[in-house]
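See structure below.
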Protein chains: 2
Amino acid sequence: MALSQSIEDYLKSIYEIESKHENVTTSSLSEKLNVAPASVTSMIKKLSEKKLVTHKKYQGVKLTNSGLKVALEIIRHHRLVELYLKEALGVPWDQVHEEAEKWEHVLSEDLEDRIDEYLGHPTSDPHGSPIPDRNGNMIERDSRNLIEVSPGAKVIIAEVSDHNPELLRYFGKMGLYPETEVKIISIEPFQGPITLVVKGEEYSIGREAAKYISVVEADA
Amino acid sequence: MALSQSIEDYLKSIYEIESKHENVTTSSLSEKLNVAPASVTSMIKKLSEKKLVTHKKYQGVKLTNSGLKVALEIIRHHRLVELYLKEALGVPWDQVHEEAEKWEHVLSEDLEDRIDEYLGHPTSDPHGSPIPDRNGNMIERDSRNLIEVSPGAKVIIAEVSDHNPELLRYFGKMGLYPETEVKIISIEPFQGPITLVVKGEEYSIGREAAKYISVVEADA
DNA sequence: ATATATTTTTAGCCGTGTCTAAATATTTTA
DNA sequence: TAAAATATTTAGACACGGCTAAAAATATAT
């Protein structure tokens with residue numbers, strides 16, 4: 001019954017693509033997991049046989065209920081570990097992802113519970129991503145991308161992509177952390193920069209970076 | 001350059017058998033790692049090619065300097081993690097081994113350092129085993145087995161085998177932890193029980209259990 | 001609507017780490 | 001010391017999760 005690390009990684013990636021409301025194709029998985037398309041095809045076959053995904057040839061895959069359950073379990077591990085490493089051991093937020101990427105696969109249920117307890121049953125990780133509870137439930141906020149905000153608006157950072165440490169350090173220098181309020185000053189046309197104010201300081205950042213920040217409405 | 005988990009496990013086991021001053025044979029590894037003797041032979045070939053061990057056919061294997069370095073690194077991970085789990089997350093001492101067995105292979109150098117720092121550069125784990133420092137040096141005490149002690153003597157528990165959770169819980173109930181002073185009352189012949197006093201309480205334990213406890217002289 | 005480009009799958013290979021069965025070497029015992 | 005028992009190695013197989021190259025299906029463009 002225990003699943004391989006590889007299978008866990010595939011299921012997690014499928015979940016992550018699904019949650020961006022995109023079709024989970026062979027090529028999207030190939031790119032995300034850095035494996036050849038042919039390797040994805042053969043893994044999809046295996047996942048399908050194990051009833052973790054449904055698949056029709058040349059169409060994408062979809063998680064079944066049991067596949068979803070596994071994916072959420074791994075994501076819970078990942079996000080709990082990220083937060084734990086930051087809180088308990090002071091690991092900088094740009095490094096927690098890489099460490100969690102390995103630890104998530106070897107975390108026992110017992111230790112998961114202890115970490116959850118230690119952290120006081122947290123609901124989001126250092127990048128603002130929601131942490132599923134043991135039943136897979138989590139608080140999903142209705143966020144949108146930073147580049148979709150109207151100039152003049154005040155918003156709160158909901159989530160920041162955790163994959164690029166350099167980008168995270170860049171965000172960190174400006175104080176662009178989850179739950180931080182930012183005011184959008186301007187969004188220049190022709191892929192121009194976004195100018196915003198964070199804690200009284202004004203910054204201009206490029207579209208490429210801004211894409212990795214999602215925001216929610218500021219509280220009244 | 002990165003070694004597989006399997007290779008790390010073999011090197012660790014080889015080290016552990018060597019440190020009992022026993023010849024590291026195909027069958028001893030087979031038994032310790034729970035794999036078929038033939039599997040050990042083929043892995044020995046690989047370790048030998050990688051210059052991690054020396055091997056002459058039908059004789060045992062010995063760690064080379066580089067093999068030893070790897071083994072001590074993994075053992076450092078294992079023992080630091082055991083202690084960390086107990087201290088930071090309250091994992092009971094009979095469970096830390098199993099958890100460490102998995103985590104030891106995915107621990108980064110950075111996290112190793114942070115854990116070491118958190119624990120104040122500890123020199124022994126919850127079972128009394130010495131923790132090697134980053135250079136592989138550790139404090140090896142001149143211990144002997146509990147069953148070799150003369151009746152009447154007062155000794156201090158140095159180390160307790162970490163492999164059997166049930167045994168550890170049994171020891172725990174009697175307070176048989178490392179650094180605890182015990183007085184040996186009697187050792188009955190014909191594989192008879194050992195009677196000893198721990199913190200004022202008298203217990204009799206069998207030889208089979210006593211074998212897993214090693215002791216040093218009590219301080220003057 | 002057909003040709004071209006792209007995506008996906010199939011076919012076949014490889015390294016890792018395991019296994020069983022059989023052969024060979026070593027050790028023990030009679 | 002020769003026979004029997006035990007330990008080790010060899011030979012050959014298998015599951016896993018990758019790969020490349022080529023075939024097939026789908027999507028795009030002319």
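Naming convention: chains lettered A, B, ... in sequence-line order (proteins, then strands); numbering from 1 in each chain. When reading the values below, keep in mind they use all heavy atoms of this one structure, side chains included, and skip hydrogens, waters and symmetry mates. None of these values were measured; they are calculated from a predicted model.
Between the side chains of A:Ser108 and B:Glu99, at least one donor N or O lies within less than 3.5 Å of an accepting N or O.
An OP1 or OP2 oxygen of D:dG18 is reached within less than 4.0 angstrom by no side-chain nitrogen or oxygen of A:Ser39. The side chain of B:Thr41 places no N or O atom within less than 4.0 Å of a non-bridging phosphate oxygen (OP1 or OP2) of D:dT10. Proximity of B:Tyr10 to the phosphate of C:dT16: no side-chain N or O atom is located under 4.0 Å from OP1 or OP2.
D:dG18 atom P lies 16 Å from atom NZ of A:Lys45, rounded to whole Å. Rounded to whole Å, the distance from CD1 on A:Ile44 to P on C:dT10 is 11 Å. Distance, B:Met43 CE to D:dT9 P: 15 Å, rounded to whole Å. The interatomic distance linking A:Leu29 (CG) with D:dG17 (C1') rounds to 15 Å, in whole Å. The OH atom of B:Tyr58 sits 7 Å away from the P atom of C:dT26 (whole-angstrom rounding). The separation between B:Glu31 atom CD and D:dA7 atom P is 10 Å, rounded to whole Å. Per the geometry, CD belonging to B:Gln5 stands 17 Å off C1' belonging to C:dG15, to the nearest Å. Rounded to whole angstrom, the span from the NZ atom of B:Lys56 across to the C1' atom of D:dT9 amounts to 18 Å.
Aromatic ring centres of B:Trp93 and B:Tyr177: separated by under 6.0 Å. Checked against the 6.0 Å centroid threshold, A:His78 and A:His97 count as a close aromatic pair.
Contacts of A:Ser6 with the nucleic acid, taken as non-hydrogen atoms under 4.0 Å apart, involve only primed sugar atoms and P, OP1 or OP2. The residue B:Ser42 sits close to a base: some heavy atom pair falls under 4.0 Å. Within the nucleic acid shown, A:Ser27 comes within 4.0 Å of sugar-phosphate atoms alone, with no base atom in reach, counting heavy atoms only. Heavy atoms of A:Lys57 sit under 4.0 angstrom from primed sugar atoms or phosphate atoms, though from no base atom.
Closest to the side chain of B:Lys46, from the set C:dT16, C:dC19, C:dT9, is C:dT16. Taking only side-chain atoms of A:Thr26, from C-beta outward, the nucleotide of C:dT20, C:dA25, C:dT8 with the closest atom is C:dT8. For B:Ala38, the side-chain atoms get nearest to C:dT20 when compared with the rest of D:dG17, C:dT20, C:dG17. Checked against D:dT8, C:dT8, D:dC19, the side chain of A:Pro37 finds its nearest nucleotide in C:dT8.
For the pairing with B:Arg76, the salt bridge (charged side-chain N to carboxylate O under 4.0 Å, His left out) check across B:Asp133, B:Asp116, B:Asp125 returns one residue only, B:Asp116.
Ion pairing between a basic and an acidic side chain is recognised when a charged N comes within 4.0 Å of a carboxylate O; B:Lys12 and B:Glu101 show such pairing.
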